[in-house]
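Keep in mind that the numbers below use all heavy atoms, side chains included, and drop hydrogens, waters and symmetry copies.
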Amino acid sequence: MIIYLCDDSQADLMRLSHYLSRAISHLSTEVTIQSFTSGRDLLTAFAAAVEKPVLLFLDIYMPDSDGMQTAVTLRENGFTRGIIFTTSHAMDSYNVDALYYLQKPYDSTDFLNAIKRCSSILKDASKTYTFLSKGSKVQIPLKDILFFETGRHVTLLHTPSEVLSFTRVLSEVCTDFADNPDFIRVGHSYLVNRLYI
């Protein structure tokens, strides 16, 4: 699971990372926190990432691409997961479906209130399917998997925003999901998440 933090203030990034590390320490899945000091850097990393973040913390006021512009661009590019703004103003934050805003300067109690708002996102994201794609380990939340499909010498994993391939046969993937009633085999070529049927 990956979480992005974006703030042009190094002190605010450090505070946010500290609070976040403490708040998610109970999760059973591996969590990577990536920090950015500009919306432009975050968008570049997002576009190149195989594994997308499950949650973003964005400062609204930054010099190049501010948090609001960054959030709009992410939504236009298919990012449907949680956004929490860190700012002294929250006027437009809900135009991009923000979960919460942290008004600066915030303390640990304010931060925990924000985390409570996204607890279901973190819980769902901790249920993942892990595989190797192009030499990198990828974890995809189960709720983001539309279906698996047999490809040419690979298995294709379809999400709402992308298709990933990895070198395992579909029957092995089906074995991984044998105890999960949300995934059903359809013929010889598909394993489908019943949530999307």
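- In the hydrophobic clustering of ILVMFWY residues, with side-chain heavy atoms under 4.5 Å counting as a link, Leu157 and Val192 come out apart.
- Taking the side chain as every heavy atom from C-beta outward, Tyr190 and Thr150 never approach each other to under 4.5 Å.
- Linking Ile, Leu, Val, Met, Phe, Trp and Tyr whenever their side-chain heavy atoms come within less than 4.5 Å leaves Phe36 and Met62 in two separate clusters.
- The local environment of CG in Asp179 is sparse, with at most 12 non-hydrogen atoms from other residues, nucleotides or ligands closer than 6.0 Å.
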Next on the checklist: Set out, in order, the CA-CA distance, both residues' side-chain angles and the distance that settles side chain to side chain contact (heavy atoms under 4.5 Å, CB included) for Arg15 and Gln10, then state yes or no.
Outcome noted: CA-CA 9 Å; Arg15 181 184 309 109; Gln10 284 291 344; over 6 Å; no
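- Leu42 places a side-chain heavy atom less than 4.5 Å from the side chain of Leu58.
- Between His188 and Leu170, the closest heavy-atom pair is O-CD2, 3.6 Å.
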Checklist entry - Step by step, would you call Ile3 with Leu20 a side chain to side chain contact (heavy atoms under 4.5 Å, CB included)? => result CA-CA 9 Å; Ile3 298 175; Leu20 182 59; 3.7 Å; yes
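- With sequence neighbours excluded, the residues satisfying side-chain hydrogen bond (donor to acceptor under 3.5 Å, both in side chains) with Tyr129 are Arg168, Asp176.
- Residues Leu43 and Ile60 share a hydrophobic cluster, clusters being chains of Ile/Leu/Val/Met/Phe/Trp/Tyr side chains in contact below 4.5 Å.
- Ser108 OG to His18 NE2: the interatomic distance, rounded to the nearest 0.5 Å, is 8.0 Å.
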Checklist entry - Can Ile33 and Leu5 be said to form a side chain to side chain contact (heavy atoms under 4.5 Å, CB included), step by step? => result CA-CA 7 Å; Ile33 299 172; Leu5 313 179; 3.5 Å; yes
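- No side-chain donor-acceptor contact under 3.5 Å links Arg22 to the backbone of Ser25.
- With hydrophobic clusters built from ILVMFWY side chains whose heavy atoms lie under 4.5 angstrom apart, Leu142 shares a cluster with Val138.
- Ile184 is not listed as a side-chain neighbour of Asn193, based on a closest heavy-atom distance of 4.5 Å or more.
- Tyr4 and Phe46 have perpendicular rings, their planes meeting at more than 60° on a 0 to 90° scale where under 30° would count as parallel.
- When the side-chain hydrogen bond (donor to acceptor under 3.5 Å, both in side chains) test is applied to Glu51, no partner is found at least two apart in sequence or on another chain.
- Partners of Phe166 by ring-ring contact (aromatic ring centres under 6.0 Å, His included), not counting sequence neighbours, listed by chain and number: Phe131.
- Residues Asp7 and Lys104 are paired through a salt bridge, judged by an N-O separation under 4.0 Å between the basic side chain and the carboxylate.
- Between Thr159 and Ile140, the closest side-chain pair of non-hydrogen atoms falls below 4.5 Å.
- Of all the heavy atoms in Ile145 and Phe183, the pair that sits closest is CG2-CE2, 3.8 Å.
- Remark: Thr175 engages no residue in a side-chain contact (heavy atoms from CB on, under 4.5 Å) (not counting sequence neighbours).
- Smallest separation of non-hydrogen atoms from Ile83 and Ala71: CD1-CB, 3.9 Å.
- For Ser133 (side chain) and Leu164 (main-chain N/O), no donor-acceptor pair under 3.5 Å exists by modelled atom type.
- Using a 4.5 Å heavy-atom threshold, the side chains of Thr167 and His153 count as separate.
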Checklist entry - Between Asp59 and Leu13, does a side chain to side chain contact (heavy atoms under 4.5 Å, CB included) hold up when you go through it step by step? => result CA-CA 10 Å; Asp59 182 17; Leu13 272 179; over 6 Å; no
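- At a threshold of 4.5 Å between non-hydrogen side-chain atoms, the residues Asp107 and Asp110 count as touching.
- Separation of atoms CG (Asn77) and NZ (Lys52) is listed at 8.5 Å; rounding is to 0.5 Å.
- Contact check for Met68 versus Phe85: side-chain heavy atoms found under the 4.5 Å cut-off.
- The SG atom of Cys6 sits 11.5 Å away from the CG atom of Asp12 when rounded to the nearest 0.5 Å.
- Judged purely by atom type and a 3.5 angstrom limit, Gln139 uses its side chain to pair as donor or acceptor with the backbone of Met1.
- With sequence neighbours excluded, no residue forms a side-chain hydrogen bond (donor to acceptor under 3.5 Å, both in side chains) with Lys116.
- Around atom CD of Glu172, more than 12 heavy atoms belonging to other residues, nucleotides or ligands sit under 6.0 Å away.
- Remark: aromatic rings of Phe147 and Tyr196 are distant, center separation not under 6.0 Å.
- The line from CD of Gln34 to CG of Leu56 is 11.0 Å long, rounded to the nearest 0.5 Å.
- Applying the ring-ring contact (aromatic ring centres under 6.0 Å, His included) rule to Phe111 yields the partners Tyr19, Phe57; only residues at least two apart in sequence or on another chain are considered.
- Under the 4.5 Å side-chain criterion, counting only non-hydrogen atoms from C-beta, Val54 is in contact with Pro141.
- Asp66 places no side-chain N or O within 3.5 Å of a backbone atom of Gly39 that could act as its donor or acceptor partner.
- In this structure, Leu146 is a member of the same hydrophobic cluster as Val186, with clusters built from ILVMFWY side-chain heavy atoms closer than 4.5 Å.
- Between the CZ atom in Arg40 and the OG1 atom in Thr73 there is a gap of 11.5 Å [rounded to 0.5 Å].
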